[in-house]
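In what follows, a structure is listed as structure tokens, so that the remarks can point back to it.
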2 protein chains.
Amino acid sequence: MSTLKSRLRGQSKRITGPRAAILEILRKHPHPLANKEIFSEMPAGHCDLATIYRSMHLLERMGMVKRFDFGDGVARFELVGENDDGHHHHLVCIRCSEVVEVDECFPEEIEREIAAKNRFKGVTHKLEFFGICPDCQ
Amino acid sequence: MSTLKSRLRGQSKRITGPRAAILEILRKHPHPLANKEIFSEMPAGHCDLATIYRSMHLLERMGMVKRFDFGDGVARFELVGENDDGHHHHLVCIRCSEVVEVDECFPEEIEREIAAKNRFKGVTHKLEFFGICPDCQ
DNA sequence: TCCATGTTGAAAATCAATTGCTTTTTGGGG
DNA sequence: CCCCAAAAAGCAATTGATTTTCAACATGGA
């Protein structure tokens, strides 16, 4: 949370109730959360949904959260750890939507080859796995 | 086109102007097209956008087109070749949106490991690369 | 404490995609 | 070649996620 404060201050952004609440909610959830889910986790006098959308953009720009796309038209966010760029992938059950974090990543050498072959710079990737979880089989 | 006819007939679906036009447009475009792009490529008395949306669902279900998601909230489609499941990936320029087809794929062995480790069945993946193309650097 | 500026709430606006419903087409049968 | 039921298209309205507008409000440095 101190990280949040210093980073926000560094950009003359303010520490507000909604922002702190959002980070608190993300901190206690191990999986990517949709804005609506964050919204419904909001304690009591919850804030406006638009505020959550705005906050997520801010936090994403600051590199404090990472956006994930499971292809269902809903953006989900995860807190990014201290010394971590948040780059990782997921295995999602197409039946129940259970999400498992995946440690494996696309091989760097191959990515470099792809970049070189096409003369692209700054190449990254988005990768998510889909399947049927043990409970849904 | 003959494939289209036989496949459509086989499911008591009809061969209509809009469907033929859509496939014709996809055939002459080597890259994934958004529904709106297909719409604007429509000759003269173009059909309704809703018809394109409905047709894409049908063609996707029939395995004649493949849906791709570049993370910008717009679905794009590509024609699937005869003896091909259409599974491949793209390298997209984040500046000008140029798209290059990528032959490389996520290593099967690793995908199998991921599936096994988590006891998931029927695991597949969505993978797209992003970077800056030669012209935009 | 005061003030400039960043933020929020609330409602309206966007945008892609979907759906309801009426009118047209398509294609097998006569 | 014409008829008809079913499939498909046109068109308008709707949904859902996300964004924006704008007035009211809160934060933090002076």
Side-chain angles (χ1 to χ4, degrees), chain A residues 1-2 4-25 32-62 64-77 97, chain B residues 1-2 4-25 32-62 64-77 97:
Chain A
M1 190 58 69
S2 51
L4 163 67
K5 292 188 178 175
S6 47
R7 299 199 61 173
L8 282 172
R9 290 227 179 77
Q11 299 183 34
S12 62
K13 301 296 184 189
R14 291 170 182 171
I15 299 157
T16 65
R19 290 175 186 173
I22 288 169
L23 288 168
E24 202 42 57
I25 290 168
L33 286 184
N35 284 342
K36 278 216 178 140
E37 296 173 315
I38 295 174
F39 181 64
S40 57
E41 291 288 320
M42 275 285 163
H46 57 281
C47 73
D48 197 272
L49 231 199
T51 297
I52 295 182
Y53 276 97
R54 280 187 285 235
S55 298
M56 299 322 291
H57 277 297
L58 176 72
L59 295 171
E60 186 186 13
R61 257 180 280 132
M62 294 174 52
M64 302 198 59
V65 303
K66 180 120 179 127
R67 176 187 300 257
F68 289 100
D69 176 7
F70 293 167
D72 63 351
V74 183
R76 285 156 217 277
F77 299 88
S97 299
Chain B
M1 190 58 69
S2 52
L4 161 67
K5 292 187 178 176
S6 47
R7 298 200 60 172
L8 283 172
R9 289 229 178 78
Q11 298 183 35
S12 61
K13 302 296 183 187
R14 291 171 181 173
I15 298 158
T16 66
R19 290 175 187 173
I22 288 170
L23 288 168
E24 202 41 57
I25 290 168
L33 287 184
N35 284 342
K36 282 226 177 123
E37 296 174 313
I38 294 173
F39 181 65
S40 58
E41 292 288 319
M42 275 286 162
H46 57 283
C47 74
D48 197 89
L49 233 198
T51 296
I52 295 182
Y53 276 97
R54 281 189 280 236
S55 296
M56 298 323 290
H57 277 297
L58 175 72
L59 295 172
E60 186 185 13
R61 262 190 317 251
M62 294 175 52
M64 302 198 60
V65 303
K66 179 120 179 126
R67 176 188 300 256
F68 290 99
D69 176 7
F70 292 167
D72 63 350
V74 184
R76 285 156 216 277
F77 300 87
S97 299

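Predicted, not measured: the structure shown is a model, and the values here were computed from it. Note on naming: letters A, B, ... go to the chains in the order of the sequence lines (proteins, then strands), and numbering restarts at 1 for each one.
- Residues satisfying the side-chain contact (heavy atoms from CB on, under 4.5 Å) test with A75(A), not counting sequence neighbours, are R67(A), F77(A).
- Nucleotide dA17(C) holds its P atom 8 Å from the NZ atom of K36(B), rounded to whole Å.
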Open item on the list: Strictly under 4.0 angstrom, non-hydrogen atoms only: write out the protein contact profile of nucleotides 18-30 of chain C, one letter per nucleotide from the 5' end, B, S or -.
Closed with: BBB----BBS---
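- To the nearest angstrom, P of dT18(D) lies 14 Å from CZ of F39(A).
- The end-to-end axis angle of the helix from dT1(C)-dA30(D) to dG30(C)-dC1(D), rounded to 10 degrees and based on five pairs per end, is 30°.
- Listed by chain and number, the residues in a ring-ring contact (aromatic ring centres under 6.0 Å, His included) with H46(B) are F39(B) (sequence neighbours excluded).
- In terms of the side chain to side chain donor-acceptor pair (under 3.5 Å) criterion, E37(B) has no residue partners (sequence neighbours excluded).
- Whole-Å rounding puts the R76(A) CZ to dT18(D) C1' distance at 15 Å.
- Annotation: the span from D69(A) atom CG to D69(B) atom CG amounts to 4.5 Å, rounded to 0.5 Å.
- The ring-ring contact (aromatic ring centres under 6.0 Å, His included) test applied to Y53(B) returns no partner, not counting sequence neighbours.
- The side-chain contact (heavy atoms from CB on, under 4.5 Å) check on T51(A) picks up P18(A), C47(A), D48(A), R54(A), S55(A), with sequence neighbours excluded.
- Taking atom CD1 of I38(A) as the reference point, atom C1' of dT18(D) lies 14 Å away to the nearest angstrom.
- Applying the side chain to side chain donor-acceptor pair (under 3.5 Å) criterion to R61(B), with sequence neighbours excluded, gives no partner residue.
- In this entry the distance linking CD1 of I52(B) with P of dG10(D) reads 9 Å, nearest Å.
- Atom P of nucleotide dT20(D) and atom CG of N35(A) are separated by 14 Å, given to the nearest angstrom.
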